[in-house]
Amino acid sequence: MARKNEIQLLVDQFARLPGLGPKSSKRIVLHLIKNRTQLLEPMVKMLENFTEIIDHCQICGNVTLHSKCDICSDENRQKNVICVVESVIDLWALEKTEIYRGQYHVLGGVLSIFEGIGPEELGIPQLINRIKHEAISEVILAMNATVPGQSTTHFIVEQLEGLNIKITTLGRGIPSGGELDYLDSTTITSALNSRQEY
Amino acid sequence: MDWHDTGFFLSAKPYGEHAAIASVMTKHHGKRSGMIWNAKSKKMASILTEGNQLSIVWRARLHELLGTFKVELEKQRTEIVFSGPIALNALNSICTLLDSLLPQFDPHRNLYTETVHLLDKINSTQNWLIDYLEWEILLLKEIGFGLDLKKCAVTNSEKNLVYISPKSGCAVSGEGAGEWASKLFPLPQCMLSGKVKKPEEILDGLQITGHFLKKGFHPHSGLPKLPHSRLRLESSIRKKVIAG
């Protein structure tokens with residue numbers, strides 16, 4: 001009986017992960033039990049290692065196994081441009097493009113009154129401090145096109161006033177595979193305003 | 001039980017992984033909250049944007065229960081989100097003030113109509129600052145702190161109304177103010193005429209409405225000051241006025 005409860009506890013733990021419910025968790029647990037040597041044991045070892053050493057980069061807030069992440073340690077990347085993103089997942093999305101070769105700053109969220117997230121919780125003072133003390137010439141504000149995202153953008157712009165640096169935001173337009181008929185008027189207006197010569 | 005109504009989105013508090021407890025301002029049912037189960041989906045994320053006009057179906061077993069919302073987009077007001085800090089702060093301020101100050105289940109038909117009109121005006125990037133000030137005056141009236149700007153509280157005169165009492169919210173004429181003039185707010189003439197001669201008048205007006213809105217906040221939330229979004233709106237307008 002005790003054995004069954006422990007398995008149930010493990011199922012419950014998996015069910016707490018994003019995207020997983022009790023049924024999927026049961027299937028995962030049973031699959032891990034079935035593939036003990038190939039999956040379960042290496043996973044346990046890896047998670048144990050991660051628990052000890054995983055941390056946030058002291059400079060940019062990215063997740064890392066060291067005090068400084070790979071991006072901040074890379075000497076070949078541009079040091080004078082910072083791209084400000086809401087979360088690590090946004091950083092990964094930008095890195096996937098392999099176009100941007102500058103630095104990052106992960107806020108870890110956006111300003112939200114209802115969730116009680118203020119500038120201090122987001123590490124905006126650290127960002128301002130970083131911009132002031134490093135030779136930064138451009139800040140790219142890559143926040144999501146949502147009300148909290150844009151409010152955070154305006155707040156950061158206000159904080160950066162008087163620092164004599166170039167502040168840019170991401171362009172808005174038609175996504176690849178998008179059809180004009182399905183787009184909202186604001187997106188079409190932005191796309192028209194930022195049209196390019198063919 | 002169910003009802004169908006039109007309204008605009010105010011806010012949503014996350015509930016679990018996929019759901020949210022949303023707050024909407026409806027035409028016939030006032031401010032209402034309800035559960036939206038798939039609130040975190042990509043489709044819903046663009047629909048559940050502050051100020052968006054929605055078609056709302058509410059369902060629950062009993063009238064008093066939280067219930068669930070099924071929403072469809074009627075009109076997007078995304079232009080507000082991208083047309084600069086003042087418009088965005090105004091949108092945040094409108095939604096926060098309505099969400100914080102209005103009681104549930106209480107229809108405010110006039111306030112709803114005026115808010116929709118104001119949101120459309122901000123969305124079309126027309127000159128809307130005086131409309132916002134008038135909207136706050138209306139909001140004060142709806143929550144029981146209405147200003148009386150028709151006649152002087154001391155002399156009953158309808159002329160030379162140049163002050164407003166910070167206690168009663170009544171207008172006071174130059175003659176009626178007497179030695180109390182220094183303790184009264186100067187009354188911006190745009191609050192009487194609806195026409196703005198100098199942009200500073202809007203700021204003075206917002207300071208007055210802000211003073212009375214604080215009274216609305218205090219008993220309910222215990223917060224003696226205005227929400228950040230409202231303060232940020234005032235400061236962004238001040239910056240614009242200073243910049244000319």
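Every chain is numbered from 1 and lettered A, B, ... according to where its sequence line falls, protein lines coming before strand lines.
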- Report the option among A:P148, A:S190, A:A145 that has the most heavy-atom pairs separated by less than 4.5 Å from atoms of chain B. A:A145
- Task: Could you check which of B:S46, B:S83, B:P85 has the highest count of heavy-atom pairs closer than 4.5 Å to chain A?
- Result: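 Most heavy-atom pairs within the cutoff with chain A belong to B:P85.
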What's the spacing between [X] [atom1] and [Y] [atom2] if we round to 0.5 Å?
| X | Y | atom1 | atom2 | answer |
| --- | --- | --- | --- | --- |
| A:T146 | B:E50 | OG1 | CD | 8.5 Å |
| A:S151 | B:H228 | OG | NE2 | 13.0 Å |
| B:N92 | A:H154 | CG | NE2 | 9.5 Å |

- Item | Which portion of B:L91 sits near chain A, non-hydrogen atoms under 4.5 angstrom | side chain
- Query: Is chain A contacted by the side chain of B:E17, its backbone, both, or neither, given a heavy-atom distance below 4.5 Å?
  - Reply: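 When you check distances to chain A, only side chain atoms of B:E17 fall under 4.5 Å.
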Counting only heavy atoms from other residues, nucleotides and ligands, does the tally under 6.0 Å from [atom1] of [X] exceed 12?
| X | atom1 | answer |
| --- | --- | --- |
| A:N164 | CG | no |
| B:H211 | NE2 | yes |
| A:Y182 | OH | no |
| A:F14 | CZ | yes |
| B:E72 | CD | no |
| A:K79 | NZ | yes |
| A:L192 | CG | yes |

- Query: Centre of B:F82's six-membered ring, under 6.0 Å away, within 45 degrees of the axis: is that where NZ or CZ of A:R172 sits?
  - Reply: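 Relative to the ring axis of B:F82, which defines the angle, A:R172 lies inside both limits.
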- Message: Quick one, A:V147 with B:L88, criterion side-chain contact (heavy atoms from CB on, under 4.5 Å). Give me CA distance, side-chain angles, the key distance, then yes/no.
- Response: CA-CA 7 Å; A:V147 172; B:L88 187 60; 4.0 Å; yes
